[in-house]
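Encoded as structure tokens, the structure appears first; notes follow it.
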There are 2 protein chains.
Amino acid sequence: MLQLTKRTEYGLLALVHLADREGAVASVREICERYPLPKRTLAEVLKDLQHAGLVESTRGSSGGYTLARSPLRVTLGDVVRALEGAPPLTTCESPIVLKGGGCEVQPNCPIRSPIQRVRERLWQLLEHTTLHSLVSGAPHVSLGALGAVESHR
Amino acid sequence: MLQLTKRTEYGLLALVHLADREGAVASVREICERYPLPKRTLAEVLKDLQHAGLVESTRGSSGGYTLARSPLRVTLGDVVRALEGAPPLTTCESPIVLKGGGCEVQPNCPIRSPIQRVRERLWQLLEHTTLHSLVSGAPHVSLGALGAVESHR
DNA sequence: GGCAATTAGCACCTTTTGAGTGCGCTTTGG
DNA sequence: CCAAAGCGCACTCAAAAGGTGCTAATTGCC
């Protein structure tokens, strides 16, 4: 499916919340009081974001999470990679053999290389979308490289 | 998951095969003799592609499938839409309410609109990748609009 | 010191989705 | 008439995603 998981969605909302109050710690409870998210699952997500180095945690009674770095330096790609990994677009990116031993020079499926390029483009898109751009409502920051398509639709 | 399904992968391979022998019909059996794909599943996929108008079918003993239009006018987006639909990137693109009645002006989640823009970009990428570009090995056709990123990585 | 609030870690269950198959029907060429 | 092909539906099986239970470990505050 060409779709982000709910975990990623939860993570993004949490990060936006953290970005809003830059510096101050926010607990899972606090975030769940703001958005209607399942508390326990959000906790798992934030734990994963902590492992990925996107947020820092402080434990104890008045603990919580803070952003590990500026919203300008956290990208959608970072979040997706932390919560979903970076899987290939198709299993075809791993080698698939032709039957009958046709083409030996390129023993992999004919789609492989073009699909890889599409995946690279997709990740460029994710990497260029910063947390800051989600917070500010400004569509994209540092997207000049892709900006040529702006005029469509 | 940010990943294409195997059905889409199978469909792309089948379409590439059809594009190779433009005009001639190719049966499911023939395609499966070329690529190691499960016959029945591929049949389901081709049926869906037929419903979507991407291929035309002829029944009967010497039947099979042909491309419904030029490889230049079949895009990755067409194939994905036919086989996976066009789901939103997050459920967040459907309205999610803030708790406590905070912001009335924008009652939806703060991520919604930026995520929609990312999805639009993603689909532009898919729409600009043609079947022809998969066949010819040329990375992308009519991708001038997105070409500015070419130099990265 | 003790309590309450919080994060940390692991294991488990449930639901959803994807992949694949069974079976019978229809169509068509030889 | 038969064989080869597509058509349609329903069903099973496996994997992934979403969510929860339970028990620590940590820390602030009384």
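Every chain is numbered from 1 and lettered A, B, ... according to where its sequence line falls, protein lines coming before strand lines. Atoms considered below: every heavy atom in the structure, side chains included; atoms not considered: hydrogens, waters and symmetry mates.
- One finds no salt bridge joining E9(B) and K6(B) here, because no Lys/Arg side-chain nitrogen approaches an Asp/Glu carboxylate oxygen to under 4.0 Å.
- Side-chain contact between H128(A) and R121(B) is absent, with no heavy atoms from C-beta onward closer than 4.5 Å.
- As a whole-Å value, the separation of Y65(A) OH from dT26(D) P is 15 Å.
- Distance check, rounded to the nearest 0.5 Å: CG of L89(A) to OG1 of T8(B) gives 10.5 Å.
- To the nearest 0.5 Å, atoms CD (Q116(B)) and OG1 (T90(B)) are separated by 8.5 Å.
- No donor-acceptor pair closer than 3.5 Å links the side chain of S57(B) to the backbone N or O of Y65(B).
- At whole-Å resolution of the value, CG in L46(B) and C1' in dA19(C) are 16 Å apart.
- Base engagement by T41(B) is indicated by at least one non-hydrogen atom pair under 4.0 Å involving a base atom.
- Within residues 55-64 of chain B, the residues that place at least one heavy atom under 4.0 Å from DNA chain D are, in residue-number order, S57(B), T58(B), R59(B), G60(B), S61(B), G63(B), G64(B).
- Nearest to the side chain of T5(A), among dA17(D), dG6(D), dT21(C), sits dA17(D).
- A close approach under 4.0 Å does not occur between any side-chain nitrogen or oxygen of Y10(A) and OP1 or OP2 of dG18(D).
- Checked by distance alone, R7(A) brings no side-chain donor or acceptor within 3.5 Å of a matching partner on the base of dG18(D).
- Remark: C1' of dT6(C) and NZ of K39(A) are 9 Å apart, rounded to the nearest angstrom.
- For E44(B) and dC7(D), a side-chain-to-base donor-acceptor distance below 3.5 Å is absent, hydrogens and geometry of angles not being considered.
- Between Q3(A) atom CD and dG18(C) atom P there is a gap of 9 Å when expressed in whole angstrom units.
- At least one donor-acceptor pair closer than 3.5 Å links the side chain of E84(A) to the backbone N or O of T5(A).
- Side-chain atoms of P38(A) lie closest to dG19(D) of the nucleotides dC10(C), dG19(D), dT21(C).
- Between the CZ atom of R40(A) and the C1' atom of dT14(C) there is a distance of 15 Å, rounded to whole Å.
- Closest contact between the side chain of V28(A) and the listed nucleotides dG18(D), dT7(C), dT20(D) involves dT7(C).
- K6(B) comes within 4.0 angstrom of the backbone, heavy atoms only, and of no base.
- To the nearest 0.5 Å, atom CG of residue L37(B) and atom NE2 of residue H17(B) are 11.0 Å apart.
- Taking the nucleotide of DNA chain D with the nearest heavy atom to each of R29(B) and K47(B), the more 5' of the two is matched to R29(B).
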Can you list, pair by pair, the side-chain donor-acceptor contacts under 3.5 Å of residues 68-76 of chain A, counting residues two or more places apart and other chains?
unit_1	atom_1	unit_2	atom_2	d
R69(A)	NE	R73(A)	O	2.8
R69(A)	NH2	R73(A)	O	3.4
R69(A)	NH2	D78(A)	OD2	3.2
S70(A)	OG	L72(A)	N	3.0
T75(A)	OG1	G77(A)	N	3.3
T75(A)	OG1	D78(A)	N	3.0
T75(A)	OG1	D78(A)	OD2	3.2
T75(A)	OG1	E127(A)	OE1	3.0

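- Here the C1' atom of nucleotide dA8(C) and the CG atom of L42(A) are 15 Å apart, to the nearest Å.
- Rounded to whole angstrom, the span from the CG atom of D48(B) across to the C1' atom of dG6(D) amounts to 13 Å.
- In terms of phosphate contacts, H51(A) brings a side-chain nitrogen or oxygen within less than 4.0 Å of OP1 or OP2 of dG9(C).
- Computed from coordinates, the Q50(A) CD to dA8(C) C1' distance equals 9 Å when rounded to whole Å.
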